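Reviewing the structure listed below.
Lettering of chains follows the sequences in order, A, B, ..., and the numbering in each one begins at 1. Just so you know, these numbers come straight off a predicted model, no measurement behind them.
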2 protein chains.
Amino acid sequence: MRIGELSARTGASRRSLRYYEEQGLLVSSRSPSGQRHYKDEHVQRVRLVQAFLAAGVSSGTLVEMVPCMAEPSEDRARQALEIMECERARLSEDIDGLVAARDALDHLIEDNRAYLTRSADGEV
Amino acid sequence: MRIGELSARTGASRRSLRYYEEQGLLVSSRSPSGQRHYKDEHVQRVRLVQAFLAAGVSSGTLVEMVPCMAEPSEDRARQALEIMECERARLSEDIDGLVAARDALDHLIEDNRAYLTRSADGEV
DNA sequence: CTAAATGCTCACATCGATGTCAGGGGCAAG
DNA sequence: CTTGCCCCTGACATCGATGTGAGCATTTAG
């Protein structure tokens, strides 16, 4: 498939797909005229990239984690593992932060509701 | 306290504190010479702002949520409530995304570990 | 009093993923 | 052949929170 279809299937803009490739997160075989061609497999790859980027993993970090699978070397694998675990810790921290924020928000919502209820009861 | 102390207590840079004020997220009383002065109370406020900003709530959205508590009006409260609930949904979505990413990462880590183990067992 | 530390404002820089526009091919159907 | 749609590269723009630096004022410690 060409870039338009991959874009449609993944929701990533063409621009983003080219960017992923530029960053080494995605490969494409080129037709003689230079057009990118992808296989079904790549749909999953793009989804993975999207998930990590959305999770705040930078493309630079991602490139150190994921592509090691393409050209496996023991050293690279060890280094990738270290980075992955580091990133995993960051993710967990972020999750905790978000959950805390949501709790705080729930608190504000509660307060607001209480205020409105009181107000509705005709209180000044 | 002046801005330096508030900064030290919250971990927010002086720059950020001025920015929060500029955005209407923080108030300060000014000394005759124009220096900002804060009360202990404000430490908590800053922490709240930090938590929400870190959670990806924009200062614009935040200003519609939080300061309604300062000048409570029924209409504002209702509108704020709507925004809060909307933002809560977004937060929950984000959390789900992060958790999914972490799961994917765990998968990659697992694969990597398996590879290293096989490698250590002397396999080609 | 003086020097050091702190504060003020204004303005420009940064980062990363993406949007967008321009100028130029490529390819299929009418 | 032409029309329409997709693709290419390259470059500049965007957003939001924060960093940074200049130039100047104020407060505090010695």
Does OP1 or OP2 of [N] have a side-chain N or O of [X] closer than 4.0 Å?
X	N	answer
B/Ser16	D/dT18	yes
B/Arg15	C/dA11	no
B/Tyr19	D/dA17	yes
B/Ser33	C/dG7	no
A/Arg18	C/dG19	no
B/Arg14	C/dG7	yes

Q) Just by distance, do the side chain of B/Arg36 and the backbone of B/Arg18 share a donor-acceptor pair under 3.5 Å? A)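 Not a single qualifying donor-acceptor pair exists.
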Q) Does A/Arg14 use its side chain to pair, donor to acceptor, with the backbone of A/Leu6 at less than 3.5 Å? A) no
Please give, in whole Å, the distance from [N] [atom2] to [X] [atom1]?
X	N	atom1	atom2	value
B/Leu6	C/dT6	CG	P	15 Å
A/Leu17	C/dA17	CG	C1'	13 Å
B/Gln50	D/dA17	CD	P	13 Å
A/Ile3	D/dC8	CD1	C1'	9 Å
A/Glu21	C/dT18	CD	P	15 Å
A/Glu22	C/dT18	CD	P	12 Å
A/Met1	C/dC27	CE	C1'	19 Å
A/Glu5	D/dC7	CD	P	9 Å

(Q) If you assign B/Ser31 and B/Val57 each to the DNA chain D nucleotide with the nearest heavy atom, which residue ends up on the more 5' nucleotide? (A)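 Whichever sits nearer the 5' end wins; that is B/Val57.
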Q.
On DNA chain D, compare the nucleotides closest to A/Gly4 and B/Tyr20; which residue's is nearer the 5' end?
A. A/Gly4
Q | Evaluation steps, salt bridge (Lys or Arg N to Asp or Glu O under 4.0 Å), between A/Arg78 and A/Glu74 | A | CA-CA 6 Å; A/Arg78 283 192 202 290; A/Glu74 186 148 346; 2.8 Å; yes
Q | Side chains of B/Arg47 and B/Thr10, donor plus acceptor under 3.5 Å | A |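 There is no such pair between these side chains.
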Q. Using a cut-off of 4.0 Å on non-hydrogen atoms, how would the nucleic acid contact of A/Ser59 be classed: base, sugar-phosphate, or nothing?
A. sugar-phosphate
(Q) Counting the atoms with a prime plus P, OP1 and OP2 as sugar-phosphate, which does B/Arg36 contact under 4.0 Å by heavy atoms, base, sugar-phosphate, or nothing? (A) sugar-phosphate
Q | Any N/O donor-acceptor pair, B/Arg2 side-chain to D/dT27 base, under 3.5 Å | A |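 Answer no: no donor N or O sits under 3.5 Å from an acceptor.
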Q.
Set out, in order, the CA-CA distance, both residues' side-chain angles and the distance that settles side chain to side chain contact (heavy atoms under 4.5 Å, CB included) for A/Val49 and A/Leu26, then state yes or no.
A. CA-CA 9 Å; A/Val49 170; A/Leu26 187 59; 6.0 Å; no
Q. Quick one: which of C/dG26, C/dA17, C/dG7 gets closest to the side chain of A/Leu53?
A. C/dA17
Q. From C/dT18, C/dA17, D/dC8, pick the nucleotide closest to the side chain of A/Ser13?
A.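 So the nucleotide nearest the side chain must be C/dT18.
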Q: Please report the closest heavy-atom contact between A/Asn112 and B/Ala80, naming both atoms and the distance.
A: ND2-CB, 3.9 Å
